[in-house]
Student: 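Shown below is the structure under consideration.
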Amino acid sequence: MKKAIIPILIFWVFCSCESNNGKLSGDLVNNPASATVGTNTKEPKIVFEATEHNFGKMLQGEKVSCTYKFKNEGDAPLLISSVDKTCGCTNITFPKTPIKPGEGGTISITYDSDGHKGIQSRRVVVKANTNPAETVLIFRASVETVLSF
């Protein structure tokens with residue numbers, strides 16, 4: 001019985017192997033960002049009026065806000081999946097519904113300077129269905145402390 005199983009296994013191994021000359025099938029990858037230029041793939045495109053904001057001088061403990069305006073200049077609906085902050089001192093609001101081509105929206109941030117002092121620089125990362133998938137927004141402030149006697 002053992003002698004019959006070994007030739008069957010060897011036959012099965014040789015018959016199940018296919019040669020593809022070391023090439024991968026092109027249908028395994030479907031990434032529009034890696035497609036050739038000039039294809040008819042529709043994509044959203046997020047364009048901000050400005051990606052940086054400077055609050056200037058402020059007193060420690062103050063809360064300040066700013067709004068980053070953007071427009072979808074692509075030809076497909078824009079969907080912002082998340083806006084990540086680098087500090088718990090920042091609160092963010094952003095649209096959770098798709099933005100149609102040609103329409104715009106805003107991302108609002110509020111910075112709480114409590115416990116901070118000196119020059120502050122913070123990043124907010126907008127993640128969307130765009131190419132590239134991330135856009136970095138930056139805000140700065142110079143936080144001054146109040147001396148109490």
Side-chain angles (χ1 to χ4, degrees), residues 9-148:
L9 287 175
I10 293 173
F11 178 75
W12 179 75
V13 168
F14 283 112
C15 290
S16 64
C17 293
E18 281 187 39
S19 175
N20 61 2
N21 297 327
K23 297 178 184 176
L24 292 175
S25 171
D27 58 357
L28 294 175
V29 179
N30 185 11
N31 183 355
S34 66
T36 58
V37 177
T39 61
N40 292 330
T41 304
K42 293 185 175 186
E43 291 184 349
K45 181 178 180 184
I46 190 167
V47 177
F48 284 88
E49 287 182 5
T51 57
E52 295 188 24
H53 181 80
N54 191 338
F55 289 112
K57 291 182 181 181
M58 59 188 296
L59 291 176
Q60 187 178 46
E62 276 188 278
K63 291 181 182 180
V64 291
S65 298
C66 74
T67 301
Y68 295 91
K69 295 180 182 180
F70 66 87
K71 185 175 180 182
N72 179 3
E73 293 187 2
D75 50 11
L78 168 69
L79 183 59
I80 298 174
S81 58
S82 68
V83 180
D84 299 334
K85 56 189 178 179
T86 57
C87 177
C89 59
T90 308
N91 288 320
I92 302 167
T93 58
F94 64 95
K96 312 261 189 310
T97 57
I99 309 295
K100 295 178 182 177
E103 293 185 357
T106 60
I107 296 175
S108 298
I109 62 111
T110 300
Y111 170 64
D112 184 353
S113 65
D114 190 37
H116 299 169
K117 63 181 177 178
I119 303 296
Q120 302 295 312
S121 181
R122 300 285 186 254
R123 296 170 15 121
V124 174
V125 180
V126 180
K127 296 181 180 179
N129 61 335
T130 56
N131 182 22
E134 295 182 352
T135 303
V136 177
L137 305 177
I138 297 172
F139 64 91
R140 296 179 175 85
S142 178
V143 180
E144 299 178 353
T145 57
V146 177
L147 298 175
S148 59

Student: Going by the rule side chain to side chain contact (heavy atoms under 4.5 Å, CB included), which residues pair with P101 if we only count those two or more places apart in sequence or in a different chain?
Tutor: N72
Student: Write down the atom of I138, the atom of R123, and the distance for their closest heavy-atom approach.
Tutor: CG1-CG, 4.4 Å
Student: CD/E73 to OG1/T130 distance, rounded to the nearest 0.5 angstrom?
Tutor: 12.5 Å
Student: Got a sec, which residues hit ring pair (Phe, Tyr, Trp, His ring centres under 6.0 Å) with Y68, two or more places apart in sequence or on another chain?
Tutor: none
Student: State the CZ-OG1 distance between F48 and T135, to the nearest 0.5 angstrom.
Tutor: 5.5 Å
Student: To the nearest 0.5 Å, tell me how far N129 CG sits from S81 OG.
Tutor: 8.0 Å
Student: Check K63 against T110 and note the closest heavy-atom contact, atom names and distance.
Tutor: CB-CG2, 4.4 Å
Student: Identify, with sequence neighbours excluded, every residue that meets ring pair (Phe, Tyr, Trp, His ring centres under 6.0 Å) alongside F94.
Tutor: none
Student: So, for A76 and P44, which heavy atoms are closest and what is the spacing to 0.1 Å?
Tutor: O-CB, 3.4 Å
Student: Under the salt bridge (charged side-chain N to carboxylate O under 4.0 Å, His left out) rule, collect the residues that match up with D112, sequence neighbours excluded.
Tutor: none
Student: Report all side-chain donor-acceptor pairs from residues 51-61 shorter than 3.5 Å, counting only partners two or more places apart or in another chain.
Tutor:
unit_1, atom_1, unit_2, atom_2, d
E52, OE1, R140, NH1, 2.8
N54, OD1, G56, N, 2.7
Q60, NE2, H116, O, 2.8

Student: Give a yes or no on whether K45 atom NZ has more than 12 heavy-atom contacts from other residues, nucleotides or ligands under 6.0 Å away.
Tutor: no
Student: Does the side chain of I107 come within less than 4.5 Å of I80's, by heavy atoms?
Tutor: yes
Student: Does S113 reach the main-chain N or O of E62 with its side chain, forming a donor-acceptor pair under 3.5 Å?
Tutor: yes
Student: Evaluate the side-chain contact (heavy atoms from CB on, under 4.5 Å) criterion for residues Q120 and C87: first the C-alpha distance (whole Å), next the side-chain angles of each, then the deciding distance (0.1 Å), finally the verdict.
Tutor: CA-CA 11 Å; Q120 302 295 312; C87 177; over 6 Å; no
Student: Does a side-chain heavy-atom distance below 4.5 Å link I99 with F70?
Tutor: yes
Student: Which pairs pass side-chain hydrogen bond (donor to acceptor under 3.5 Å, both in side chains) with one or both residues in residues 90-107, sequence neighbours excluded?
Tutor: none
